[in-house]
2 protein chains.
Amino acid sequence: MSEPSASTLDAFDRAILAILQEDNTTPQRVIGEKVNLSAPAVQRRIRRMEKDGVITANVAVVEPAALGHPITIFVEIELVSETAKDIDAAKRAFLAAPEVQQCYYVTGEVDFMLVVLVPSMAAYEALTRRLFFADANIRKFRTFVAMDRVKTGLTVPAG
Amino acid sequence: MSEPSASTLDAFDRAILAILQEDNTTPQRVIGEKVNLSAPAVQRRIRRMEKDGVITANVAVVEPAALGHPITIFVEIELVSETAKDIDAAKRAFLAAPEVQQCYYVTGEVDFMLVVLVPSMAAYEALTRRLFFADANIRKFRTFVAMDRVKTGLTVPAG
DNA sequence: ATGATTATGAAACAAACTTGCAAGGCTGGC
DNA sequence: GCCAGCCTTGCAAGTTTGTTTCATAATCAT
C-alpha cells in the first residue's frame, strides 16, 4: 500500500545519504562532485528516496539547553497490563507529551524506554506525577539522569 | 571561550526553531510569512543561531531499515571501574562504533545507555563480543530489543 | 534627550534548485 | 546476436530560493 518500495540502494544512494546525514544543506553540485554525478542526477535520487520513505525528514538539530531543557533523562517503564489496548493507550500518552523526545516499546524486563527533556528536576517531578503516577497501568518506572550526552543523533551507518 | 553566547531566544527565534525542527527545507520566505518577518530577517536569525550553537546541525533523517539496519536495541552498561580515565575510555570506544547511534553517561544503577542499530541479531551478537565482552572493564550489560519505535527524533520543545 | 548599537524591510544580486530534452547504457525478448 | 523498450544520465534554460546592500526605525545606556 503506502509501503516504501524496497528498491535496493546502490553505492551512489548510500554515498549521498552519508553526506545528507551529516549536512543536508550541502549543495547538490558539491554532492555531485563528491560522488561523481551531475547535480540533476543527485537531485532526482534525493527526490526518489524522499518519495520512497528512505529519507523521512529534513530537520535542524537544536541544542536542548538553548531552549531551556538542559536535562536529559532516560526512563524505563513497566506496565501492569500488557494487552494491546493498554499498550496502545500508553503509546498515545507518550506520543502526546512534548517532553518525551523518544519512545520505544521494547522486549525484556521493561516495556518502554523513554528519552525525556526537561528544564529542571522539579519539572521532571511534575512530569512523573502527571504521566506516570496518574496512570494506574504503570507498575513502576526507573529514572536515569544523563550526566553526559556522549553521542546523540539519528545517523544510520551508510557504509 | 567558544561557549555559545547565552543570548536569550525571543518568540521569533523559538517560532523559527519550531519550524526548522519540523522541516529545515522550508523557504525563508514561507517562514517569514508564518512568523511575520521578512526573509532576510529570518535568514539572519538562523545564521546567528547556527553561529551561537543553538542549531548544531542540519541533517536528513533516514529510515534505518532502508540502509539494512532494521533492528534498534537499547543497552545498559555497567562498568567495573569508574575512574575518570576508565569512563573516558568507554566513551571513546562507544563514540568510535558506527552502530552505536546514541550514547549517554547516566547516573544510577547503570553507567551508560546506548541506542544501537544493527542489521540482524547475529550482527548484534558479534557487536557484543567485540565491544562488551572484549572489554574487561564492562561488568555487565542488559539488552532491550525495540519492537516498536513509537517516537523518534531529536525535537526539543520550543513552546 | 541623545548618540550608539542593533534589527528591520525593500530591492538588487548571486546561487541553488528544477525541468525539458537528447544521448548513452542496460535488460529482456526474439 | 540483434533490436526494442526502459531507465538514468548530462547539459542547458528557466525558476525559485538564498544572500548582500543600504537606508530607516527601534532600543538601550548614558
Side-chain angles (χ1 to χ4, degrees), chain A residues 1-63 65-68 154 158-159, chain B residues 1-63 66-68 154-155 158-159:
Chain A
M1 191 76 76
S2 67
E3 194 65 24
S5 2
S7 56
T8 50
L9 304 175
D10 63 16
F12 285 126
D13 293 324
R14 282 195 292 274
I16 292 170
L17 288 177
I19 294 170
L20 292 183
Q21 287 190 104
E22 287 287 327
D23 181 4
N24 72 349
T25 68
T26 311
Q28 295 168 355
R29 177 180 51 80
V30 175
I31 298 174
E33 290 165 6
K34 292 192 181 183
V35 304
N36 286 323
L37 229 50
S38 68
V42 170
Q43 134 88 346
R44 284 186 278 255
R45 283 169 177 270
I46 293 174
R47 181 180 280 276
R48 191 202 58 204
M49 291 191 284
E50 285 174 345
K51 193 172 70 65
D52 291 351
V54 175
I55 297 173
T56 60
N58 286 283
V59 302
V61 181
V62 174
E63 174 63 34
L67 274 171
L154 299 172
Chain B
M1 191 78 78
S2 67
E3 195 64 24
S5 3
S7 56
T8 52
L9 304 175
D10 62 16
F12 285 126
D13 293 325
R14 282 195 291 274
I16 292 170
L17 288 178
I19 294 169
L20 293 182
Q21 286 190 104
E22 287 288 326
D23 180 4
N24 72 348
T25 69
T26 311
Q28 294 168 354
R29 177 182 50 80
V30 175
I31 299 173
E33 290 165 6
K34 292 192 182 183
V35 305
N36 286 324
L37 229 48
S38 68
V42 171
Q43 136 92 333
R44 284 185 281 256
R45 283 169 179 271
I46 293 174
R47 266 177 102 82
R48 190 202 59 204
M49 290 191 284
E50 285 173 344
K51 192 171 72 63
D52 291 351
V54 174
I55 297 173
T56 60
N58 285 283
V59 303
V61 180
V62 174
E63 175 63 34
L67 275 170
L154 298 172
T155 306

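Below, chain A is the first sequence line, B the second, and so on; all start at residue 1.
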Could you give the [atom1]-to-[atom2] distance, from [X] to [N], as a whole number of Å?
| X | N | atom1 | atom2 | answer |
| --- | --- | --- | --- | --- |
| Asp10(A) | dG25(C) | CG | C1' | 15 Å |
| Met49(B) | dA7(C) | CE | P | 12 Å |
| Arg48(B) | dT8(C) | CZ | P | 8 Å |
| Leu20(A) | dA16(C) | CG | P | 15 Å |
| Gln28(A) | dT15(D) | CD | P | 18 Å |
| Leu9(B) | dA7(C) | CG | P | 13 Å |
| Asn24(B) | dT17(D) | CG | C1' | 14 Å |
| Arg29(A) | dA15(C) | CZ | P | 9 Å |

Closest to the Arg44(B) side chain, choosing from dG20(C), dC22(D), dT17(D): dC22(D)

Closest to side chain of Pro27(A), choosing from dC17(C), dG9(C), dT17(D): dC17(C)

So how far is it from [X] [atom1] to [Y] [atom2], rounded to the nearest 0.5 Å?
| X | Y | atom1 | atom2 | value |
| --- | --- | --- | --- | --- |
| Glu50(B) | Thr25(A) | CD | OG1 | 7.5 Å |
| Gln28(B) | Ile19(B) | CD | CD1 | 11.5 Å |
| Asp13(A) | Arg48(A) | CG | CZ | 4.0 Å |

Lys/Arg-Asp/Glu bridge criterion (N-O < 4.0 Å) met for Asp52(A), Arg45(A): no

Sugar-phosphate, base or nothing in reach of Pro40(B), heavy atoms under 4.0 Å: base

Kindly say if [X] contacts the phosphate of [N], meaning a side-chain N or O under 4.0 Å from OP1 or OP2.
| X | N | result |
| --- | --- | --- |
| Arg45(B) | dT8(C) | yes |
| Gln43(A) | dA16(C) | no |
| Arg47(A) | dT19(C) | yes |

Distance-only side-chain donor-acceptor flag, Asn58(B) / Asp23(A), under 3.5 Å: no

